[in-house]
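I have placed the structure first, in the form of structure tokens, so that the comments after it can refer back to it.
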There are 4 protein chains.
Amino acid sequence: MPARADAQRNRARILAAAEEVFTELGPTASTEEVARRAGVAIGTVFRHFPTKRDLLVAIVKDLMARLADEVAALAAEGDPATAFFDFFTRVVDQAAAKKSVVDLLAESGIALDVADPLDSLGQAIGALLAGAQAAGAVRADVRLDEVMALLTALSQAALRAGWDADLRRRTLAVIHAGFRPVAGVS
Amino acid sequence: MPARADAQRNRARILAAAEEVFTELGPTASTEEVARRAGVAIGTVFRHFPTKRDLLVAIVKDLMARLADEVAALAAEGDPATAFFDFFTRVVDQAAAKKSVVDLLAESGIALDVADPLDSLGQAIGALLAGAQAAGAVRADVRLDEVMALLTALSQAALRAGWDADLRRRTLAVIHAGFRPVAGVS
Amino acid sequence: MPARADAQRNRARILAAAEEVFTELGPTASTEEVARRAGVAIGTVFRHFPTKRDLLVAIVKDLMARLADEVAALAAEGDPATAFFDFFTRVVDQAAAKKSVVDLLAESGIALDVADPLDSLGQAIGALLAGAQAAGAVRADVRLDEVMALLTALSQAALRAGWDADLRRRTLAVIHAGFRPVAGVS
Amino acid sequence: MPARADAQRNRARILAAAEEVFTELGPTASTEEVARRAGVAIGTVFRHFPTKRDLLVAIVKDLMARLADEVAALAAEGDPATAFFDFFTRVVDQAAAKKSVVDLLAESGIALDVADPLDSLGQAIGALLAGAQAAGAVRADVRLDEVMALLTALSQAALRAGWDADLRRRTLAVIHAGFRPVAGVS
DNA sequence: CATGAATGAGGTTTCATTCAT
DNA sequence: AATGAATGAAACCTCATTCAT
């Protein structure tokens with residue numbers, strides 16, 4: 001199967017173009033624009049992703065896999081007490097530069113069970129959270145659910161006009177303070 | 001001006017229908033659907049709101065005015081120490097039932113200076129915040145900017161599938177904790 | 001019937017506004033624009049002219065009546081040998097400043113039998129032509145038909161971009177030469 | 001490029017249908033009607049001509065190219081003394097059967113510099129005129145400007161109701177006489 | 001009679017998707 | 001498997017005309 005190589009390369013190029021296009025123009029951008037930037041014909045896009053929705057889902061999955069890798073790396077190397085906060089900050093900062101996972105997912109109204117704890121991203125973040133809690137850096141009663149929820153909410157919000165680095169920092173400070181154990185409470 | 005009565009009734013019905021429709025289907029819902037639900041012909045919608053964008057803006061303004069009223073009422077009657085937290089909770093809870101101000105605004109990409117402190121809603125919330133800070137219920141270094149940002153982020157997030165009352169409560173608990181003064185710090 | 005005065009004044013204002021509007025924007029201009037410029041409501045326009053077509057026809061009739069008056073005046077006072085040419089020139093020059101009779105009529109595809117010799121304008125121009133022929137200034141075999149046709153054609157053409165006074169003059173010179181008796185032919 | 005054949009055939013059919021439709025119904029005819037007569041879907045028309053204006057322009061260009069070819073043929077073969085008059089007559093006669101170049105152009109308000117002497121049609125007609133002038137069949141002081149202007153005016157006028165072959169002939173006779181040198185003037 | 005809001009067909013244009021080449 | 005032309009259902013918006021006030 002020699003032609004398979006071309007097909008795989010095309011799939012990757014389409015995915016990359018789609019991420020770029022939907023990032024710039026939102027999920028209502030036209031599929032033609034994706035094809036144009038990928039340098040393929042529109043038919044090729046639909047051969048790989050029979051529906052626009054399929055394309056959106058593929059992007060989201062792709063981005064989530066990459067994020068999960070990052071989390072795993074952080075968990076493996078870093079100080080559990082800070083890894084959790086670092087990750088949280090990093091995701092939101094990234095989102096400010098570029099629409100993230102969570103955003104596309106949210107905007108396109110596609111339900112993908114992001115918060116499903118069995119999901120690999122969820123699991124990875126869960127591990128980070130558990131580490132931070134074990135290190136006493138995060139209150140014990142904080143659950144993965146609300147962490148994911150806040151991550152989602154802030155990542156999406158960070159894209160909006162008016163959210164500069166300073167506003168992001170101050171907003172994150174509130175969230176971080178909210179996660180920390182109350183002083184004087186053992 | 002006898003015929004004005006009809007026009008005003010229609011304008012109100014269109015606005016109500018539009019709020020409903022865009023709430024259910026997002027800002028990409030068709031203007032025809034709005035007309036259908038308002039029980040008027042499509043031309044009538046365009047007579048009142050020459051552009052779809054105009055309709056979106058009108059809804060947002062309407063919702064913001066209503067919210068500002070609520071805030072003012074809260075500020076007038078309640079305990080400054082709790083009014084701020086109550087309001088925050090109420091807005092997010094409302095958003096869960098129905099897309100709020102902030103959401104439509106954000107989704108439709110309309111810039112309306114919500115966070116502008118001169119804006120009436122911003123001013124009202126600012127007063128609430130100042131009251132809570134004066135009462136020692138909120139850290140003094142918290143600024144209106146991040147309050148608005150978190151309000152926006154959570155309101156929008158609260159609409160998403162998976163956000164039930166419990167998740168909302170726990171997420172808000174994190175935020176509220178983040179606003180409170182650190183125990184032991186004067 | 002005291003209200004009749006208002007009605008007549010409105011009719012005149014609508015007609016004037018319509019002439020202006022269709023002159024500026026062509027016969028596809030909206031009836032609303034006519035109403036706006038006439039300072040009346042759209043319903044009033046339709047009460048006077050049940051159809052847009054009726055409005056166009058009325059304008060044409062109005063303009064034709066005015067033109068016919070001019071022709072009659074010219075015929076009464078002027079030198080038969082030059083009156084004809086003068087008139088021809090005047091109509092075309094007027095058309096350059098303002099869409100004329102013939103133009104609106106032609107553009108809107110309304111058949112109104114302009115060339116009907118029983119029509120007052122046709123009769124007036126016919127008189128002018130006869131005078132010029134009697135004076136030997138125009139060839140005897142020229143008929144009213146082609147005079148009207150050329151008048152129509154040139155009037156309409158004169159409105160177009162690129163027709164300045166000089167082009168108009170030279171084009172008219174050709175036509176005038178075409179009407180004159182051939183030198184040496186009795 | 002295998003699929004190109006269909007596209008080219010469709011483009012031609014759309015152009016032909018458009019010429020027919022706009023000829024019959026004027027430039028305000030609907031693009032849908034064009035699609036219907038071309039036997040294609042509405043989207044196909046817009047793939048080839050992204051705007052209605054583009055379609056109009058394409059027709060005009062097409063017609064002008066055809067006319068320019070005719071003029072060139074006439075100039076190559078015929079007697080310079082008569083070629084000019086023949087051409088003039090032919091264009092006007094054609095216009096009577098079918099809206100011509102000049103007409104669509106004029107009615108649609110598209111500026112295309114028809115009279116631009118560098119334009120191929122203008123050049124071709126200019127050659128015809130020069131030939132006729134060299135042969136002494138047309139006055140030396142006649143310029144291309146007024147020839148084009150009269151051609152335009154008459155072609156357009158010839159479409160109107162009431163212009164039968166006889167009226168056309170007599171109108172052209174006036175124009176032709178206007179072009180000819182005055183007898184006795186060297 | 002005048003008003004101006006309401007109507008609704010129709011126009012141009014976009015775009016996800018199909019399919020002949 | 002890739003191409004890109006064709007499809008056709010909406011979408012947004014305009015406007016002649018009607019009709020309640």
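Reckoned from all heavy atoms, side chains included, excluding hydrogens, waters and symmetry mates. Reminder, nothing fancy here: chain letters follow the sequence lines and each chain counts from 1.
A:Ile14 places its CD1 atom 9 Å from the P atom of F:dT3, with the value rounded to the nearest Å. Going from atom CZ of B:Arg9 over to atom C1' of E:dG4 covers 15 Å, rounded to whole Å. Counting to the nearest Å, the P atom of E:dT14 and the CG atom of D:Asp54 are 11 Å from each other. Nucleotide E:dC1 holds its C1' atom 16 Å from the CD1 atom of C:Ile42, rounded to whole Å. As rounded to whole Å, 12 Å separates atom C1' of F:dA2 from atom CZ of A:Arg13. If you measure from atom CZ of B:Arg11 to atom P of E:dA6, you get 12 Å, rounded to the nearest angstrom. Atom CG in A:Leu56 sits roughly 11 Å away from atom P in E:dA16 (whole-Å rounding). The distance from atom CZ of B:Arg36 to atom C1' of F:dC12 is 14 Å, rounded to the nearest whole Å.
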Could you go through B:Leu55 and B:Phe22, starting from their C-alpha distance and side-chain angles, then the distance that decides it, and tell me whether this counts as side-chain contact (heavy atoms from CB on, under 4.5 Å)?
CA-CA 10 Å; B:Leu55 184 51; B:Phe22 292 135; 4.1 Å; yes
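When side chains are defined from C-beta on, D:Phe46 does not count as touching D:Lys52, because their heavy atoms never get closer than 4.5 Å. The shortest side-chain heavy-atom distance between D:Ile14 and D:Arg11 does not fall under the 4.5 Å cut-off. Two residues are said to be in side-chain contact when any heavy atoms from C-beta on lie closer than 4.5 Å; B:Leu56 and B:Thr51 fail this criterion. Between B:Phe49 and B:Leu15, the closest side-chain pair of non-hydrogen atoms falls below 4.5 Å.
Nucleotides of DNA chain E nearest to D:Gly43 and A:Phe46 differ in position, and the one nearer the 5' end is that of D:Gly43. Projected onto DNA chain E by closest heavy-atom contact, C:Glu32 and D:Ala29 fall at different nucleotides, the more 5' of which corresponds to C:Glu32.
Checking F:dA5, F:dA9, E:dA16 against the side-chain heavy atoms of A:Ser30 singles out E:dA16 as nearest. Of the listed nucleotides (F:dG8, F:dT7, E:dG8), F:dT7 has the atom at the smallest distance from the side chain of D:Val40. Among the nucleotides E:dT17, F:dT3, F:dC13, the one closest to the side chain of A:Lys52 is E:dT17.
Here D:Arg47 does not reach the OP1 or OP2 of F:dA6: none of its side-chain N or O atoms lies under 4.0 Å away. Contact annotation: C:Thr31 reaches the phosphate of F:dA16 (side-chain N/O to OP1 or OP2, under 4.0 Å). The shortest distance between the side-chain N/O atoms of B:Thr44 and the OP1/OP2 oxygens of E:dT7 is below 4.0 Å. Taking only side-chain nitrogens and oxygens, D:His48 comes nearer than 4.0 Å to OP1 or OP2 of F:dA6. Using a 4.0 Å cut-off, no side-chain N or O of B:Asn10 falls inside it from OP1 or OP2 of E:dA5.
The structure places CZ of C:Arg47 at 8.0 Å from OG1 of C:Thr44, a figure rounded to the nearest 0.5 Å.
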Side-chain polar contacts of residues 31-40 of chain D - donor-acceptor pairs under 3.5 angstrom, sequence neighbours left out - could you list them?
{"from": "D:Glu33", "atom 1": "OE1", "to": "D:Arg36", "atom 2": "NE", "distance (Å)": "3.3"}
{"from": "D:Glu33", "atom 1": "OE1", "to": "D:Arg36", "atom 2": "NH2", "distance (Å)": "3.0"}
{"from": "D:Glu33", "atom 1": "OE2", "to": "D:Arg37", "atom 2": "NE", "distance (Å)": "3.1"}
{"from": "D:Arg37", "atom 1": "NH1", "to": "D:Glu20", "atom 2": "OE2", "distance (Å)": "2.8"}
{"from": "D:Arg37", "atom 1": "NH1", "to": "D:Glu24", "atom 2": "OE2", "distance (Å)": "3.1"}
{"from": "D:Arg37", "atom 1": "NH2", "to": "D:Glu24", "atom 2": "OE1", "distance (Å)": "3.1"}

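Here the closest non-hydrogen pair linking D:Glu19 and D:Asp62 is OE1-OD2, 4.3 Å.
Using atom P as the reference point in both E:dC1 and F:dT21, the two lie 22 Å apart (nearest Å).
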Would you write out the dot-bracket form of DNA chain E, 5' to 3', with Watson-Crick and G-U pairs under 3.5 Å, [ ] for crossing pairs, | for pairs to other strands and . for unpaired bases?
.||||||||||||||||||||
